[in-house]
Amino acid sequence: MAHRVRKAIFPVGGMGTRFLPATKAMPKEMLPVVDRPLIQYAVDEARAAGIEQFIFVTGRGKSAIEDHFDHSIELENLLEARNKVDALADLRETLLPPGNIAYVRQQEPLGLGHAVWCARNLVGDEPFAVLLADDLIQADTPCLKQMADVFAEKGGNVIAAMEVPDEHTSRYGIIDAGGASGDVRPVKGLVEKPQAGSAPSNLAVIGRYILMPEVFEELGRQEKGAGGEIQLTDAMARLIDRQPFHGVAFQGTRFDCGDKLGFLEANIAFAMEHEDLGPGARDMIDRLAGDAS
Ligand code: G1P
């Protein structure tokens with residue numbers, strides 16, 4: 001049987017406290033990297049991996065995300081009347097097929113695991129993807145597509161993995177791969193945010209997951225873990241003995257857009273690669289670097 005993933009969960013309920021005051025009245029997922037909001041990169045990546053149904057776990061104050069993926073009739077009429085063909089095409093890219101997008105609210109900020117669990121009835125009994133929009137990944141083959149290819153071959157659970165400096169293990173879920181190397185590694189253990197020195201490795205979980213529906217059973221226990229939150233990492237750790245579990249050391253560069261410097265770096269990197277803006281952005285960076293030295 002071919003293994004295929006049709007549904008993706010986007011947890012977008014977070015308060016964005018690290019980006020205040022920018023995120024006071026605007027969801028952090030709507031912060032733009034060059035010319036599109038973070039959440040659109042995640043949705044585009046999911047589409048490129050064959051995802052057909054999009055489930056957003058939102059919270060209060062997040063309605064701009066719903067508007068972003070809907071028609072804006074006034075804008076479309078205006079652009080059509082003015083024959084702004086390119087802008088119209090950009091706008092059409094934001095539309096998701098009717099009936100294939102759903103929103104569910106996480107009423108309280110109880111953790112990433114709880115956010116994913118809130119989508120359980122919409123996912124049902126099939127494998128699904130989770131994408132965290134804060135983790136922006138620049139890659140020739142989109143990261144989730146790389147993982148979907150591994151899933152098609154091996155089935156089970158597949159998570160994105162990246163080596164991080166030893167002193168950063170306390171920021172991530174950390175994988176025990178039993179010392180294995182290579183692009184696809186077995187996951188033997190998982191720990192959420194271990195202190196440097198007590199981590200099983202420096203191989204971190206990055207915000208892309210393909211998970212089997214049994215993880216909802218584990219999440220349903222509502223047990224609190226690191227930081228007093230219901231952690232996805234803890235629920236996954238309990239599945240390791242029951243099901244195949246692989247970490248994919250993906251090809252590409254990941255930017256931590258939950259952090260101001262990481263977000264700035266993403267803007268620079270994506271501007272430099274941008275078809276129209278690239279040359280101008282490179283000149284600007286050279287000029288600014290020259291002025292600073
Ligand atoms: C979450 C997960 C963590 C993972 C990280 C990736 O943490 O809990 O396991 O390594 O995303 O970005 P957060 O960044 O939400 O604290």
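In each ligand, atom 1 is the first atom listed, and ligand 1 is the first ligand listed. One is the number of the first residue; the rest follow in order along the sequence.
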**Prompt:** Which pairs count as ring-ring contact (aromatic ring centres under 6.0 Å, His included) when at least one residue sits in residues 70-107, sequence neighbours excluded?
**Reply:**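 Found F56-Y103.
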**Request:** Could you list all the ring-ring contact (aromatic ring centres under 6.0 Å, His included) pairs where at least one residue sits in residues 16-42, not counting sequence neighbours?
**Result:**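 Non-adjacent pairs meeting ring-ring contact (aromatic ring centres under 6.0 Å, His included): F19-F263, Y41-F270.
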**Message:** Checking N157 against Y209 for the side chain to side chain contact (heavy atoms under 4.5 Å, CB included) test, could you report, in this order, the C-alpha distance in whole Å, the side-chain angles of both residues, the deciding distance, and whether it holds?
**Reply:** CA-CA 8 Å; N157 302 270; Y209 310 77; over 6 Å; no
**Request:** Enumerate the residue pairs fulfilling salt bridge (Lys or Arg N to Asp or Glu O under 4.0 Å) with a member in residues 264-279, sequence neighbours excluded, ordered by first and then second residue.
**Result:**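 Of all non-adjacent pairs touching residues 264-279, those that pass salt bridge (Lys or Arg N to Asp or Glu O under 4.0 Å) are E273-R282.
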**Message:** If we check side chain to side chain contact (heavy atoms under 4.5 Å, CB included) with Y172, which of these qualifies: I206, L203, V191, N202?
**Reply:**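 That would be I206; it is the only one of I206, L203, V191, N202 passing the side chain to side chain contact (heavy atoms under 4.5 Å, CB included) with Y172.
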**Request:** Run the salt-bridge test on R105 and E66 with the 4.0 Å N-O cut-off and return the result as yes or no.
**Result:**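 Looking at R105 and E66, the cut-off is not met.
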**Request:** Can you tell me which residues line ligand 1 if we count any heavy atom under 4.0 angstrom from one of its atoms, in chain and number order?
**Result:**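 Protein residues near ligand 1 are L112, L132, D135, Y172, G173, E192, K193, V205, G207, Y209, Q231, T233, R254.
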